[in-house]
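For reference, the structure discussed in these notes is given below.
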Amino acid sequence: MGNEAVLLTVPGPQGDREVRLSSPGRVLWPETGTTKLDLARYLIDVGTAFIRANGDRPVTLQRFPDGVDGEQFFSKNPPRGAPDFVRSVTVVFPSGRSHPQLVLDEPAAAVWAVQMNTVVFHPWASRADLPDNPDQLRIDLDPQPGTGFDDAVTAAVELRSVLGEVGLSAFVKTSGNRGLHVFAPIIPTHEFLDVRHAVIAAARELERRMPRQVTTNWWKEERGERVFIDFNQANRDRTMAGAYSPRPLAHAPVSCPLEWDELVGAEARDYTIATVPARLRATGDPWAHMHDQPGTIDRLLGWWERDRDAGLGELPFPPDFPKMPGEPARVQPSRARPDR
């Protein structure tokens, strides 16, 4: 197909919308030959599940004007010329600064984002009407060198048990790369720092049960061949690829929700832009009812306080965050001065 613009019909809750897509033949994934039009059609195909998972939330767009092998940038502010069916919400960032952030409410908004060469969608853990209070507890299981997807699966299964013990229902998806994301719906009664502490409490409990398999060590030099439980993804303005979001890897993978009974034996590379629409039609959306029965983080916060009283305090924050109360020194152990 040439580079003449096409007009796509996108079904949605307000009826069909026509979305213009320029340069539809632009190749975004060179290895697979996946084009901008392919990506737009993918998001139309998975539109209902995609918006259910990522809509009504502040969202950051990761854009690749020259394809996934080229330069990229993150877009938070609503771009000029946004259609009237794309809205924004004012959010507060860790610096204390606030400004509007995009919110997607229907599949046409996601297709419009593709028009701007968006590949990855990064939704917040909170809703647009209450952006300071997450309604999802999110845990990123990140395999370190020497470990892989199967190790993340083992950790995720045990993590599900940990969360179940505190009354939380766990949902799982592939990261789109080598790891897994475990989510639990929560009642949005606590702000981000409290939810971060709840994540740390769950991570420490998992680490106690699987000390040779997982780690909460922030510094890479201390992680070893274990799965890192990335607690810092629970911070304000820290996001991970949303459910059904594509990823900028050569084979055009998707961060795909799975049922727990299909996790063992799953192959992360099987879930791609080319395969996920048919899977969704055949098996349905494993996350369709995620928020039907949200839980609370109260018991996890009790674990946090127990561990804090036992001498396990705050963990490091990302380097762009302001220094936080109780935070240890932000210097990797091998470079720390002995007197500190």
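Since the structure is predicted, the reported quantities are computational estimates derived from the model, not experimental observations. Numbers here are sequence positions counted from 1.
Heavy-atom neighbours of His289 NE2 from other residues, nucleotides or ligands within 6.0 Å: at or below the threshold of 12.
Counting only distance, with no hydrogens or angles, the side chain of Ser98 and the backbone of Thr90 share no donor-acceptor pair below 3.5 Å. A donor-acceptor pair is defined here as one N or O able to donate and one able to accept, closer than 3.5 Å; such a pair exists between the side chain of Gln115 and the backbone of Ser22. The main-chain N or O of Glu165 is found under 3.5 Å from a side-chain atom of Arg299 such that the two form a donor-acceptor pair. Checked by atom type and distance alone, the side chain of Thr174 pairs as donor or acceptor with a backbone atom of Cys256 at under 3.5 Å. For the pair Arg223 (side chain) and Asn217 (backbone), a donor-acceptor distance under 3.5 Å is present. The closest donor-acceptor contact from the side chain of Trp29 to the backbone of Pro248 lies at 3.5 Å or more, if one exists at all. Not a single donor-acceptor pair under 3.5 Å links the side chain of Lys36 to the backbone N or O of Leu28. Remark: the backbone N or O of Pro134 is not paired with any side-chain donor or acceptor of Gln136 at under 3.5 angstrom. A donor-acceptor pair under 3.5 Å is formed between the side chain of Asp285 and the backbone N or O of Trp287.
Leu159 is connected to Leu168 through a chain of hydrophobic side-chain contacts under 4.5 Å among Ile, Leu, Val, Met, Phe, Trp and Tyr, so both are in one cluster. Linking ILVMFWY side-chain heavy atoms closer than 4.5 Å, directly or via other members, places Val195 and Leu206 in a single hydrophobic cluster. Ile44 and Leu104 end up in the same hydrophobic cluster when Ile, Leu, Val, Met, Phe, Trp and Tyr side chains are linked at under 4.5 Å. Placement of Met116 and Val6 within a single hydrophobic cluster is found when ILVMFWY residues are connected by side-chain heavy-atom separations under 4.5 Å, directly or transitively. Residues Phe183 and Val227 fall into different hydrophobic clusters, defined by Ile, Leu, Val, Met, Phe, Trp and Tyr side chains chained together at heavy-atom separations under 4.5 Å.
A pairwise comparison of heavy atoms in Ser169 and Pro185 identifies O-CD, 3.2 Å as the closest pair. Val182 approaches Ala170 most closely through the heavy-atom pair CG1-CB, 4.0 Å. When all heavy atoms of Trp112 and Pro79 are compared, the pair lying nearest together is CH2-CD, 3.7 Å. The shortest non-hydrogen separation linking Val120 to Ala241 is CG1-CB, 3.8 Å. The minimum heavy-atom distance between Gln233 and Met240, with the atom names listed, is CB-CE, 3.6 Å. The heavy-atom pair separating Pro188 from Asn133 by the smallest distance is O-ND2, 3.2 Å.
Between the CZ atom of Phe171 and the CZ atom of Arg138 there is a distance of 14.0 Å, given to the nearest 0.5 Å. Remark: Asp140 CG to Ile229 CD1 distance equals 10.5 Å, nearest 0.5 Å. We find the CZ-CG distance between Phe74 and Leu61 to be 10.5 Å, quoted to the nearest 0.5 Å. Annotation: the span from Phe121 atom CZ to Ile51 atom CD1 amounts to 8.0 Å, rounded to 0.5 Å. In this structure, CD1 on Ile200 lies 8.5 Å from OG1 on Thr216, to the nearest 0.5 angstrom. Here the CG atom belonging to Leu249 is positioned 10.0 Å from the CD atom belonging to Glu31, to the nearest 0.5 angstrom.
If you check the side chains of Asp38 and Thr35, you find a donor sitting under 3.5 Å from an acceptor. In this model, a donor atom of one side chain and an acceptor atom of the other lie less than 3.5 Å apart for Glu221 and Gln332. With 3.5 Å as the limit, one finds no donor-acceptor pair spanning the side chains of His197 and Glu305.
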Practice item. Start with the C-alpha distance between Thr34 and Tyr42, add both sets of side-chain angles, then the distance that settles side-chain contact (heavy atoms from CB on, under 4.5 Å), and finish with yes or no. Key: CA-CA 11 Å; Thr34 305; Tyr42 164 78; over 6 Å; no

Practice item. For the pair Phe192 and Trp124, evaluate ring pair (Phe, Tyr, Trp, His ring centres under 6.0 Å) and give the outcome as yes or no after the intermediate values. Key: CA-CA 11 Å; Phe192 277 92; Trp124 278 39; 5.8 Å; yes

Review point. Please walk me through it: do Trp218 and Phe231 pass side-chain contact (heavy atoms from CB on, under 4.5 Å)?
Key: CA-CA 9 Å; Trp218 175 247; Phe231 52 86; 4.1 Å; yes

Exercise for review: Decide yes or no on side-chain contact (heavy atoms from CB on, under 4.5 Å) for Arg17 and Phe85, but give the supporting numbers first.
Suggested key: CA-CA 10 Å; Arg17 295 195 190 274; Phe85 54 83; 3.5 Å; yes

Exercise for review: Check the pair Asp151 / Arg226 against salt bridge (charged side-chain N to carboxylate O under 4.0 Å, His left out), numbers first and verdict last.
Suggested key: CA-CA 8 Å; Asp151 299 290; Arg226 292 177 287 184; over 6 Å; no

Point to revise | Evaluation steps, side-chain contact (heavy atoms from CB on, under 4.5 Å), between Arg63 and Gln72 | key: CA-CA 5 Å; Arg63 297 162 61 182; Gln72 59 176 293; over 6 Å; no

Review point. Where do Glu18 and Thr9 land on the side-chain hydrogen bond (donor to acceptor under 3.5 Å, both in side chains) test, with the steps shown first?
Key: CA-CA 5 Å; Glu18 302 294 321; Thr9 300; 2.8 Å; yes

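A salt bridge between Arg238 and Asp230 is absent, with no side-chain N of the basic residue lying under 4.0 Å from a carboxylate O of the acidic one. Looking at Arg208 and Glu205, a side-chain N of the basic residue comes within less than 4.0 Å of a carboxylate O on the acidic one, giving a salt bridge.
Looking at heavy atoms from C-beta onward, Pro58 lies out of side-chain contact with Pro100 at the 4.5 angstrom threshold. Thr154 is listed as a side-chain neighbour of Met210, based on a closest heavy-atom distance under 4.5 Å. In this structure the side chain of Phe317 never reaches within 4.5 angstrom of the side chain of Pro322, judged on heavy atoms. Side-chain atoms of Leu180 and Phe149, non-hydrogen and from C-beta on, do get closer than 4.5 Å to each other. Residues Arg269 and Pro253 are not in side-chain contact: their nearest non-hydrogen atoms beyond the backbone lie 4.5 Å or more apart. Within the 4.5 Å cutoff, the side chain of Pro277 has heavy atoms near those of the Val46 side chain. Side-chain contact between Gln101 and Thr60 is present, with heavy atoms from C-beta onward closer than 4.5 Å. Side-chain contact between Asp16 and Pro11 is present, with heavy atoms from C-beta onward closer than 4.5 Å.
Of the candidates Asp105, Asp129, Asp135, Arg57 forms a salt bridge (Lys or Arg N to Asp or Glu O under 4.0 Å) with just one, namely Asp135. Screening Asn232, Thr239, Asp237 for a side-chain hydrogen bond (donor to acceptor under 3.5 Å, both in side chains) involving Asn235 leaves a single residue, Asn232. When Glu327, Glu191, Glu314 are each tested for a salt bridge (Lys or Arg N to Asp or Glu O under 4.0 Å) with Arg196, only one passes: Glu314.
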